[in-house]
Amino acid sequence: MNYFVIGYYALLIGASCLAAYYSVRSAFLLLFSLTLVSFIVGIVGGESALWTITICAGILALCIGTAYAFREFLVIVLWGEGSKAIKTAPLTATFGLFVIMTYAIAGIFAPIIAPYGEAEVIAGAFAPADENMLLGADQLGRDLFSRLVFGARNTVGIALLATTFAFVLGALAGLIAATLGGFFDNLMSRVVDVIMSVPSLIFALLLLSIMGTNAFVLIFIIAIIYAPRVFRLTRAVAGNVVVMDYIEAARLRGEGLWYLIRREILPNSTAPLIAEFGLEFCFVFLLVAGLSFLGLGIQPPTADWGSMVRENATLISFGEITPLFPAGAIALLTVAVNFVVDWMLFRSSGLKG
Amino acid sequence: MSDVLSIVLKRLGLGLITLLVISILIFFAVELLPGDIAQAVLGQGATEENLKALREQLGLNQPAIFRYLEWLGGAVQGDFGVSLISGRSVAETIGPRFAATLFLASYAAVIAVPIAILLGIIVALLRDSIFDRVANVLTLTSISSPEFFLGYVLILYLAVKNPWFPALANVNFQDIGTVELYYRTFLPALTMVLVVVAHMMRMTRASIINLLASPYIEMARLKGTPAWKVIVKHALPNAWAPIINVVALNLAYLITGVVLVEVVFVYPGIGQLLVDSVTKRDFPVVQACCLIFAATFILLNLAADVGAILTNPRLRHPK
Amino acid sequence: MADTKKDLLLKIRDLRIEGYSDEKWLEIVHGIDLTLHKGEVMGLIGESGAGKSTIGLAAMGFARDGCRISGGSIEFDGMELTTTSESDRRALRGSRIAYVAQSAAASFNPAHKIIDQHTEAPIHYRIRKRLEAQEDAMELYERLRLPNPQEIGFRYPHQVSGGQLQRAMTAMAMACRPDLIIFDEPTTALDVTTQIEVLAAIRDIVEQFNTAAIYITHDLAVVAQMADTIKVLLKGNEVEEADTETMLSNPKEDYTKSLWAVRSFKREQKERPGGGAVPVVSVQNVDASYGDTPVLHDVSFDIYAGMTVAVVGESGSGKSTTARCITGLLPPSSGKIVMNGVEMPPGYKQRSKEQLRQAQMIYQMADTALNPKVRICDIIGRPAQFYMGLKGGALKSRVDELLDLIELEPSKYYSRYPTELSGGQKQRIGIARALAAEPNFIICDEVTSALDQLVAEGILKLLDRLQKELNLAYMFITHDLATVRSIADEVVVMKQGEVVDSGPKNEMFTPPHHPYTDLLLSSVPEMDPNWLTTVLEERGVDNIGEAATV
Amino acid sequence: SKAALAAPKRGGTFRLGTHDGNTSDTHDPGTYLSFSIIQLAHTYRSYLTQITPTNELGPDAAASWSATDDATEWTFKLQKGASFHSGKPFTADDAIASLNHHRGEKSTSAAKALLKDVTDIVKDDEHTITVKLATGNADLPWLMTDYHLAMCPANSDGTIDWQSGDGTGPYKIVHNEFGVGTKLERHDGWHGEGAYFDAVEMTVLNDPNARQTALVTGEVDGITQLELKTLSLLQRNPNILVDNVPSGAAITMPMFCDVAPFDNVDVRMALKLAIDREDIIKKITFDTAIPGNDFHISPNMPYWPDLPQRTYDPDKAKFHLKKAGQENLTVDLSTADSVYSGAVDMCVLYAEHAKAAGININVNREPNDGYYSEVWLKKPFCMVQWGARPTPDVMLSLAYKDDAAWNESHWQNERFNELLLQAKAELDQEKRAEMYREMAQLARDDGGTIIPMFTNFVYARAKNVAHGENLAASWQMDGARACSRWWFDS
Ligand SMILES: Nc1ncnc2c1ncn2[C@@H]1O[C@H](COP(=O)(O)OP(=O)(O)OP(=O)(O)O)[C@@H](O)[C@H]1O
Ligand SMILES: Nc1ncnc2c1ncn2[C@@H]1O[C@H](COP(=O)(O)OP(=O)(O)OP(=O)(O)O)[C@@H](O)[C@H]1O
Ligand SMILES: [Mg+2]
Ligand SMILES: [Mg+2]
Ligand code: NI
């Protein structure tokens, strides 16, 4: 027993008592079960396990704090609808927003934020972190942190464009198909079957040999690969909506296709689409990396997270954490985006509490 | 019901046409790709002379259309030809590989689909709770890195550091017991499970939540239905369409998209075969693989569409 | 009505409920007290949007999504519902307190057969086994006069008519023989003949099982038959409460008196324009079917400009189906629809925008006909924008005007979503949407069925005024003969997909007429609390059965 | 090491994990291409000659050989006791048919070019053949080590039966699935020495991580081609021994000498000077390569001339650029990941080095698929990997001769070509060495190819696997002959 362990339990038990006294049920349950778990973990894993718990809890607390502060900040900074909406947003959503904003800033101001250039070689391969390099160096001796920052710009930029493009294409076609039904639906569905069936390897190679390799081709390829999935999902969701009476009412009015889609069907199909967007957005990171494995994709020495993971993936087998930084960057963004997505999902579902 | 049957039949017919279109597409795609089989077979060692000889031997000097029609003629009769490189029959080459892929895909699917949907239901039920957050963060993290990376991590922790499972899944189907088979292929299956669970889970969650504001959900609660039953019996049946679609998509992915998992675990599946034959431009094999994949997609998409109709009475019995 | 503690079932004190809309909380029920004993039936009446449904739900300890119980106490059989755990409250619902939802169409789960939804609660509470429960359901369907009681339960909700759904909903509430049933407008969509039987069935069951009930309705005559006591509500406040006799004979408050006095609106019957006038709509020998099920057979009638044709008939007789044929939603299998002398294409898709504008339909089930994700202003504004090309300020003022017409304050309702409205309010939105198109022919499918007398009268007056000004033609599908009497010029009586009788209103209301019309007329409820009993006695039980199955 | 000195023991099943295995591999020696099949070929088939662990020429299916003075006729005496796995004895007919498989109009073999000077092969007796050449070639016995020229059973019509997978190698195939793996057991009638293992199991493990893990977890006893990034980490494992063998395999960067700006020798020189070979070897190969000197003879090849090593000198590069009037030179360099692990990184690194010399190199990552058909010999400046060739003549005739189809840099140097022809037929070692020295000098200073390094073969084995003192530098795994040369130590 040392001071840390004593302090640790004292704090937990004290907090549990406080929670119990003020009858905050969930907080009490959480704290007290944590205490119980700590007993077991402490006995099995010793002091280091307790430290791990403490650090995790600390990080969690930090995240919650950030999210809370950021929410207050947004409420003050924003106006009108936005401010009102943010006020009721869950902390996870504001945490997600915070992360996304951080990434956006990192991406936009990458050259200012990054201490070194994207391709600048400054140290030996895999040099450990020191006072110059926050996260150490990559395989060529480039500053990993700078590459991550630049990667934000390229990766997120491309992913955002490609996903948006895929969604515009896929969702539009899906909505039209579901609304019109009949021949168009059949035709589009078959076209989509065809596109989906062509293995993306052949597809990418083909497009590439026709159009050459650059970022726009890349975005185009990704959009074409993903649009069919979006199409099918949209069509399925919208298929359930078009049979409703209110759609019938709108059709009876003689409404055009565009209005039906935009104002009547889309608002009732957003939730699954938003959820899908949140995921596809992240899949694109990996697809970009996958394509660069085929020699397509982003040109070197441009930094991109997926490729950064891929290039150094084998290191993980020896417990080296270099590939974990870009992987972590992707994971954090994935989680953040999906937290925000969850919030939007909730709002669009029409639920209120 | 007969409606559905006729839809299925019609779609199967259309599926055949789609397959034909795909086969044409693939043929010309392979034609269009830079380089050809002769070059690929002989590699760097090729000279104009022996390229010519090889092309002649393989019949590549005939016009493309002719070769395609010849192949098609055979395919229609169920003969997919022989591999241009190994000379073995395509069916023989692909058969065991595809069976292996199907096995692994079903192994993963049987675990992943129920887990994903169950998890989706649970997190929809406990939405915004800690469980919801944790489940989401974990599954999302697992899809945030390339699947082979995930494989490496699993190998590191479940095969190297704790030697619980073999790192290689290079099983030989002939001489291996069932239990042994499942044991040896557990890690690749687990990797694939982790890769697909998040997508299906989140779609389940989303489409259920999307319905929770409906009056019939309110009514179900007013009937005293317990919360989990409200979700399972009242929300889920109306939420199937998008879920089925995403499940179909992921099943297709399990069959057609996991080359890297096969490579990492050295599993003798069809993915590696396709990649090899594309790089070698071995047209009959590429074509056969692609058609198998296409049929997979067509069937799964059909299943998803039929599922969507079957789960929605309004579509099943339209006004 | 012994006021003993033992019999006390429900005691609500100072109930306050808030609703969340436009990012803030508004109080919608301002301190209501309510006491109910075992076997007692209380009628809740009041204008549309008064908070009747909200209170009804609160009696189950339930607040709609977006609403919350912000004060007061609700005590059910000694249990305080506002503080007990959710699971305890849930255990009451369905088994001891049941609810008949106002919008049956939306409240049935579209994915399950009706009977499966019926048997869910009894099976869940282990009151009955599945087969028993199904049998019981069929029995209840029979008592509630549903056609084919053995079979209808195995249909999906979208396959039965509005009134049939409502009765299925009532049957469902009775499945567990609860102590308290909250009927939220259970007969609004029923024709009078069916209504009688359903009312009788409800009364029977309530008496048989000593069930207490809160009967929410806008129809005074109905409530007079059913309730022991009546409570009148206005804008979330109680106006007065008394036992039925007293309330009917001697209402104290002015508001109540005004409710009692409404059935005064009456309009002169107009004659068909003579000579070569062309009917606005002419339905000629229309047959129609849903899939293989024939529904309409040889339906013909004409509607002339400036006239109102009321279509009456029992629930499920094909009234709504006729409307769907006219609008082109359901292309008739034979026969034709002629408008202003021009034969209409059978499907709406082939019709021009102008043709579509000319004929507007107000849906019977307001709930499902309003897009839940579109704000009121857009729902109403859209036709004005679409057909008239109104924009910006002009559009807004038109929407405000329309909201005023249907007596909804624009400032309050302008940007709400349909889920934030009461049943009657939704129906009025449907009316406004049709009016916004400025058509010359409107199909009103049960437009006033969910409205209280005052508002309904307002709407009828409005329709009448518009008819005079714009020479509109109406096809008025309704079950309410009082309404028919007040506004119709001609009447079409339908039964089992056929027109059994038709003619000018006055002729129809003066004997002799077709026996079915006769039955209809004699089924209109009267304000006398003993009316139902008397009618039933007069007809004899057998007679009712016959009437419904002929 | 001690293990190397211990006497070989027999027994055990050697499980080898190989990289680069392909489902489309076949038994046809004319189309051998992937490393897995090459490794297999040296295990189930044999060649007339072989490269020994000390990188000399040794006998295999041929016991001895001799040439006429002008080196235009070579006579090979075959091993007398050699037999095929089927039991059929190995004869001159088999040898002739096996070689003829790569010759003639109809041959589709990739080794056709190698034997194009051969005019005839005659059978002297049952165990002697004579190969006749159009021009003298002192290196012919070396050529016979080429992995395509495997001995297969002859059919009666003079073709070979490659389909059956029969061979005269140390192990016979029990079960084989291309792209997956092969099981072999010892061939008791083998003519050679070694084959200590009772059986061999080769598994195709294309993923570097899978190979390493398999070795670490003991699922295989040896693996080819280590991932260099994790080499130092793997070396920490006490149960694993890493073999790091310098070889003749090279990375080259050919520039078209007839295309601006590479048509200027100063530009070429500047580009050669602008690359920091040390840095690249350290960062890209993790010290598993030896610096190249811009001529294509490695220290592991015969006739290596010890010329002064070219070093990174941006200032001098600048000077050459100025001389060429090409300050602020910008060039495109094409590369692909498949060329060499870290190829793209290497070019990026080179681009960084070149910046110091004022040269701007745009690295173009090309698709892996079709790289050698679309980029190599087509783009003016790209990156290529060359496998080891047994002798300088083979290498130089292949890619530096003015009329060679693969003259990848379009380099035309009269003196060089003259010397090349002379050296080829020269049987006097001293004179020959002198000629190669001069050729190397020419290529180094005038040639259009940058050769930054010769890459080592890096492979690993479990601690209990032992091998002789030296390892052949011709292929990975002791010249791809590990299965017949290595043994289990305990
Ligand atoms: N979510 C909400 N937010 C704000 N106001 C609401 C919400 N839901 C309902 N209201 C309002 O509460 C009032 C009472 O609604 P309620 O449904 O109880 O009316 P009602 O008496 O049943 O009327 P009706 O006879 O038309 O059904 C209405 O004015 C309605 O607009
Ligand atoms: N989609 C459908 N498929 C099969 N039968 C249907 C369908 N919709 C309605 N029906 C049946 O057709 C008949 C006529 O229905 P309709 O909706 O026209 O009745 P209605 O006269 O409007 O009755 P209500 O007053 O109850 O609304 C009913 O028996 C009903 O059950
Ligand atoms: Mg109501
Ligand atoms: Mg109706
Ligand atoms: Ni009514």
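Bear in mind the structure is a predicted one, so any value in this text is a computation, not a measurement. In what follows, chains carry the letters A, B, and so on, assigned in the order in which the sequence lines appear, proteins first and then strands, with residues in each chain numbered from 1.
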Of all heavy-atom pairs linking A:L286 and B:P146, the shortest is CD2-N, 3.7 Å
Under 4.5 Å to a heavy atom of chain A? For B:I130 that would be side chain
| request: Using the side-chain contact (heavy atoms from CB on, under 4.5 Å) rule, take B:L300 and A:M196 through it: C-alpha gap first, then chi angles, then the decisive distance, then the call. | output: CA-CA 11 Å; B:L300 283 171; A:M196 283 173 115; over 6 Å; no
Under 4.5 Å to a heavy atom of chain A? For B:V286 that would be side chain
Looking only at heavy atoms, the pair that brings A:A236 and B:N245 closest together is CB-ND2, 2.9 Å
Those residues at least two apart in sequence (or on a different chain) that pass side chain to side chain donor-acceptor pair (under 3.5 Å) with A:N338 are B:R202
### Task
Any chance you could lay out the side-chain contact (heavy atoms from CB on, under 4.5 Å) test for A:R229 and B:V246, step after step, and finish with the verdict?
CA-CA 8 Å; A:R229 299 160 154 239; B:V246 167; over 6 Å; no
Would you call B:D305 and A:R232 a salt bridge, using N to O less than 4.0 angstrom? yes
dist A:T314:OG1 -> B:F149:CZ (nearest 0.5 Å) comes out at 9.5 Å
A side-chain contact here means heavy atoms from C-beta on lying under 4.5 Å apart; do A:D193 and B:L14 qualify?
no
Worksheet item: Are B:V21 and A:R190 close enough that some pair of their side-chain heavy atoms sits under 4.5 Å apart?
Response: no
Value for CG (B:N136) from OG1 (A:T92), rounded to nearest 0.5 Å, stands at 9.5 Å
In this structure, CH2 of A:W343 is separated from CG of B:D128 (nearest 0.5 Å) by 12.5 Å
The interface call for A:N186 against chain B, heavy-atom contacts under 4.5 Å, is side chain
Result for side-chain contact (heavy atoms from CB on, under 4.5 Å) between A:P199 and one of B:I26, B:V278, B:T256 points to B:I26
Given A:L287, A:V335, A:V341, the one with more heavy-atom pairs under 4.5 angstrom with chain B than any other is A:V335
| query | Stepwise, does the side-chain contact (heavy atoms from CB on, under 4.5 Å) test hold for A:L345 with B:R205? | reply | CA-CA 10 Å; A:L345 193 95; B:R205 181 182 184 278; 3.8 Å; yes
- Message: As a quick check of understanding, evaluate side-chain contact (heavy atoms from CB on, under 4.5 Å) for A:L233 and B:L249, giving each step before the final call.
- Response: CA-CA 10 Å; A:L233 184 75; B:L249 193 75; over 6 Å; no
The reported gap from OG in A:S197 to CZ in B:F293 (rounded to nearest 0.5 angstrom) is 10.5 Å
Looking only at heavy atoms, the pair that brings B:L156 and A:I316 closest together is CD2-O, 3.1 Å
Whatever's closer than 4.5 Å to a heavy atom in chain B on A:F339 counts as side chain
d(B:I143 CD1, A:F285 CZ) to nearest 0.5 Å is 10.5 Å
Give a yes or no on this: more than 12 heavy atoms of other residues, nucleotides or ligands lie within 6.0 Å of atom CZ of B:R221.
no
Evaluate the side-chain proximity of A:V237 to B:S207: yes if any heavy-atom separation is below 4.5 Å, no if none is.
no
Honestly, the part of A:L333 sitting under 4.5 Å from a heavy atom of chain B is neither
Turns out that what part of A:P90 lies under 4.5 Å from chain B's heavy atoms comes down to side chain
Taken in chain and number order and not counting sequence neighbours, the residues that satisfy side chain to side chain donor-acceptor pair (under 3.5 Å) with B:S144 are A:T334
Heavy atoms of B:N238 and A:N240 approach each other most closely as O-ND2, 3.7 Å
One should read off an interatomic distance between A:I330 CD1 and B:S145 OG, to the nearest 0.5 angstrom, of 7.5 Å
| Is it the case that more than 12 heavy atoms not belonging to B:Y157 sit under 6.0 Å from its OH atom? | no
Compute both the distance and the angle, then confirm whether A:R310 meets the cation-pi test with B:F148: under 6.0 Å from the six-membered ring centre, within 45 degrees of the axis. no
